[in-house]
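Since the model is a prediction, treat every value here as computed from it, not as a measurement. In each ligand, atom 1 is the first atom listed, and ligand 1 is the first ligand listed.
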Amino acid sequence: MESPSRSSVIIVGAGVSGLSAAKVLIENGVEDVVILEASDRIGGRILKQDFGGVSVELGANWITGVGGKESNPIWELAQKWNLRTFFSDYSNAHFNIYDQSGKIFPSGVAADAFKKAVESATQKLKKLEADSCYGIDTKAAKPSSTPKTPLELAIDFMLHDFEMPGGDPISTFLDFGEREFLVADERGYDHLLYKMVEEFLFTSEGKLLDNRLKFNKVVRELQHSSNSVTVMTEDGCVFEANYVILSVSIGVLQSDLIAFNPPLPRWKTEAIQKCDVVVYTKIFLKFPSKFWPCGPGKEFFVYAHERRGYYTFWQHLENQYPGSNILVVTLTNEESKRVEAQLDEETLKEAMGALKDMFGHNIPEATDIFVPRWWNNRFQRGTYSNFPHDQVVRDIKARLGCIFFSGEHTSERYSGYVHGGYLAGIETGKALLEEIEKEKERSIESENQTVSLEPLLATTGSLSLTQNETMLYRVSNAIFLDNCI
Ligand SMILES: Cc1cc2nc3c(=O)[nH]c(=O)nc-3n(C[C@H](O)[C@H](O)[C@H](O)COP(=O)(O)OP(=O)(O)OC[C@H]3O[C@@H](n4cnc5c(N)ncnc54)[C@H](O)[C@@H]3O)c2cc1C
């Protein structure tokens with residue numbers, strides 16, 4: 001058997017958080033880093049795919065939080081690398097709400113229902129804040145009026161599942177602003193990550209050639225003590241290091257993909273299990289021709305159905321890719337899990353049913369469909385953390401000996417977002433740098449103590465002390481000094 005490869009730090013996961021942590025370490029002189037990534041690419045939940053002749057984003061799509069008092073770091077990177085972005089004006093979406101007979105709700109009725117939903121959400125939040133204590137079940141707090149009609153249900157879905165400004169007072173909106181920009185760039189959202197990686201890993205002509213970044217390495221076991229870690233991968237490789245940064249998703253931590261030896265303490269596993277994980281699915285449909293309204297204020301439209309979240313929120317891509325004839329419909333949570341479990345033909349039939357209700361039976365059939373399966377992906381198990389309580393985040397993030405936890409779910413203010421993952425990675429990288437510095441100081445101190453003992457030990461024939469002997473010496477010396485005073 002080959003001897004295990006040894007480095008200072010192992011980073012598990014090459015999503016935005018793992019990569020930003022690696023950047024901090026490598027740029028600050030900790031160069032013997034190994035990044036183990038389960039899949040065959042970087043980016044994690046930032047993932048593009050060719051569909052219907054254009055590049056679509058299966059994962060993160062928006063840069064959320066632009067135009068506020070602080071600058072969103074992902075927006076800065078997008079500007080730096082000229083990413084093609086489009087302002088998303090959701091304000092008209094609630095004037096494009098269709099009922100099941102294809103009629104659009106009058107704007108006054110929709111605006112009124114929207115206002116009521118915002119008021120109800122605000123009241124719910126105030127109550128939550130008043131009741132706030134560690135571990136509160138936020139799902140148990142019911143809004144003051146429960147949405148019942150298809151219109152109310154559709155608006156409730158838009159506000160909460162689509163996270164529109166005006167719903168929850170999300171710190172991203174408070175700090176970075178309420179504007180959102182859709183990334184629609186043939187190079188993909190992950191272009192930002194490739195450009196970032198070029199700054200600290202060896203690349204050539206866009207190819208990642210640095211052997212510190214290892215693909216198809218599925219971490220299955222992590223043996224840890226206070227000062228070292230051994231990581232075992234599915235293909236039988238063993239990696240050793242002084243520290244590990246675990247940047248896998250919260251869904252992976254909740255699953256049994258990675259075994260910890262010794263097991264994680266109870267307070268840690270409880271916090272991990274307490275974190276609610278959203279499943280958010282964008283289904284892409286390609287048509288031979290357009291049949292939906294385009295033009296100003298028509299980018300988003302809504303289907304009001306008696307089942308909450310049933311093919312509710314739609315978007316066309318004509319602004320970004322004219323003539324692409326692509327529609328995207330967003331499903332979440334139970335609806336996402338349901339469609340992941342069924343054949344795509346079934347999903348296509350359901351989506352076409354919703355479209356026929358809205359636009360009539362003469363519309364053309366879709367020629368292609370793509371249904372991402374984030375819930376059933378064992379390297380994700382969901383799409384992002386759902387605004388976990390601060391204390392839950394702190395417990396998930398808390399360092400355990402040589403294990404540092406990172407990822408979007410460890411960001412206290414921006415969990416769930418790309419910028420949350422990016423900033424969490426930077427924070428973890430800096431915390432580890434600080435620890436490495438402290439460890440260096442500790443070992444210099446203990447070396448100095450050993451050296452100062454040398455003349456004394458020469459008479460005993462031993463020139464260095466074991467750790468236990470040093471400890472014994474320190475204790476007896478302290479007693480000796482105490483006795484001298
Ligand atoms: C459908 C969807 C839509 C989204 N929309 C937006 C949006 O519009 N705007 C926004 O800001 N954010 C959005 N997000 C959230 C955003 O993508 C994430 O918050 C962010 O990318 C998370 O980065 P991360 O580094 O924390 O995790 P990840 O990107 O998940 O990185 C973790 C990495 O760990 C790897 N891994 C997992 N298990 C193992 C293992 N055992 N061994 C080795 N490697 C492993 C994974 O393959 C992955 O590459 C969306 C996410 C999804 C899925």
task: Looking only at distances, please establish whether an N/O atom of ligand 1 is found under 3.5 Å from an N/O atom of V418.
output: yes

Residue pairs fulfilling side chain to side chain donor-acceptor pair (under 3.5 Å) with at least one residue in residues 12-27, sequence neighbours excluded: K23-E27, K23-E199

message: Can you tell me which residue among F287, W314, F301, Y98 is in a ring-ring contact (aromatic ring centres under 6.0 Å, His included) with W292?
response: F287

task: Have a look at ligand 1 and work out which part of T281, if any, has a heavy atom under 4.0 Å from it: side chain, backbone, both or neither.
output: neither

- prompt: So, T410 side chain and G407 main chain: donor-acceptor pair closer than 3.5 Å or not?
  reply: yes

query: Only one of F86, Y189, W62, W75 clears ring-ring contact (aromatic ring centres under 6.0 Å, His included) with F181; which?
result: W75

query: Hey, are the side chains of E234 and K217 touching, using non-hydrogen atoms and a 4.5 Å cut-off?
result: no

field: atom 36 (N) of ligand 1 [closest protein heavy-atom partner, distance rounded to 0.1 Å]
entry: V248 CG1, 3.7 Å

- request: Could you tell me whether Y189 and ligand 1 have an N or O pair separated by under 3.5 Å?
  value: no

message: Counting only heavy atoms, tell me which of G251, S255, G13 gets closest to atom 33 (C) of ligand 1.
response: G13

Check: N376 main-chain N/O paired with E340 side-chain donor or acceptor under 3.5 Å: yes

query: What part of Y384, side chain, backbone, both or neither, has a heavy atom within less than 4.0 angstrom of ligand 1?
result: side chain

- request: Within a distance under 4.0 Å of any heavy atom of V12, pick out the atoms of ligand 1 and give their elements.
  value: 42 (N), 43 (C), 44 (N)

- line: CD1 of I74 to CD of Q79, rounded to nearest 0.5 Å, is 12.0 Å

- prompt: Nearest to atom 23 (O) of ligand 1, what protein heavy atom do you find, and at what distance?
  reply: V16 CG1, 3.4 Å

- prompt: Do any nitrogen or oxygen atoms of W62 lie less than 3.5 angstrom from nitrogen or oxygen atoms of ligand 1?
  reply: yes

- prompt: For ligand 1, is there an atom lying under 4.0 Å from some heavy atom of G43?
  reply: yes

- prompt: With side chains defined as the heavy atoms from C-beta onward, is the minimum distance between T230 and F239 less than 4.5 Å?
  reply: no

- request: Would you indicate which of G407, G416, A60, S411 comes nearest to atom 15 (C) of ligand 1 when only heavy atoms are counted?
  value: G416

message: Polar contacts were defined as any N/O atom of the residue lying under 3.5 Å from an N/O atom of the ligand; does this apply to N61 and ligand 1?
response: yes

field: Among D32, I35, L201, I11, the one residue meeting side-chain contact (heavy atoms from CB on, under 4.5 Å) with R212
entry: L201

message: Per the side chain to side chain donor-acceptor pair (under 3.5 Å) rule, what does the pair list look like for residues 37-54, sequence neighbours excluded?
response: E37-S39, R45-Q380, R45-E408, K48-D190

Option of least heavy-atom distance to atom 32 (C) of ligand 1 (set: S247, S336, G44): S247

query: If hydrogens are left out, which of K217, E57, E37 has an atom nearest to atom 47 (O) of ligand 1, that is, the closest non-hydrogen atom?
result: E37

- request: Could you list which atoms of ligand 1 come closer than 4.0 Å to a heavy atom of L36?
  value: 43 (C), 44 (N)

message: So, regarding S17 and ligand 1 (criterion: nitrogen or oxygen to nitrogen or oxygen, under 3.5 Å), is there a contact or not?
response: yes

- request: Flag R45 as yes when one of its N or O atoms lies below 3.5 Å from any N or O atom of ligand 1, and as no otherwise.
  value: yes

task: Would you please indicate if the ring centroids of Y417 and Y384 are separated by under 6.0 Å?
output: no

- request: Would you check whether T233 reaches within less than 4.0 Å of ligand 1, judged by its heavy atoms?
  value: no

message: When you compare ligand 1 with I258, is there at least one nitrogen or oxygen pair between them that comes in under 3.5 angstrom?
response: no

task: State, yes or no, whether a side-chain contact exists between I245 and V33 at a heavy-atom distance under 4.5 Å.
output: no

- prompt: When you measure from atom 40 (C) of ligand 1 to each heavy atom in T383, V219, T410, which option holds the nearest one?
  reply: V219

- request: Give yes if a backbone or side-chain nitrogen or oxygen of Y280 is under 3.5 Å from a nitrogen or oxygen of ligand 1, and no if not.
  value: no

query: Under 3.5 Å, is there a donor-acceptor pair between the side chain of H224 and the main chain of C402?
result: no

Atom 26 (O) of ligand 1 [closest protein heavy-atom partner, distance rounded to 0.1 Å]: E408 N, 2.9 Å

task: Using heavy-atom distances, let me know which of G59, S249, A38 sits nearest atom 45 (C) of ligand 1.
output: A38

task: On the 0 to 90° scale, with breaks at 30° and 60°, tag the Y310-Y303 ring pair as parallel, tilted or perpendicular.
output: tilted

query: Does G420 have a heavy atom less than 4.0 Å from any atom of ligand 1?
result: no

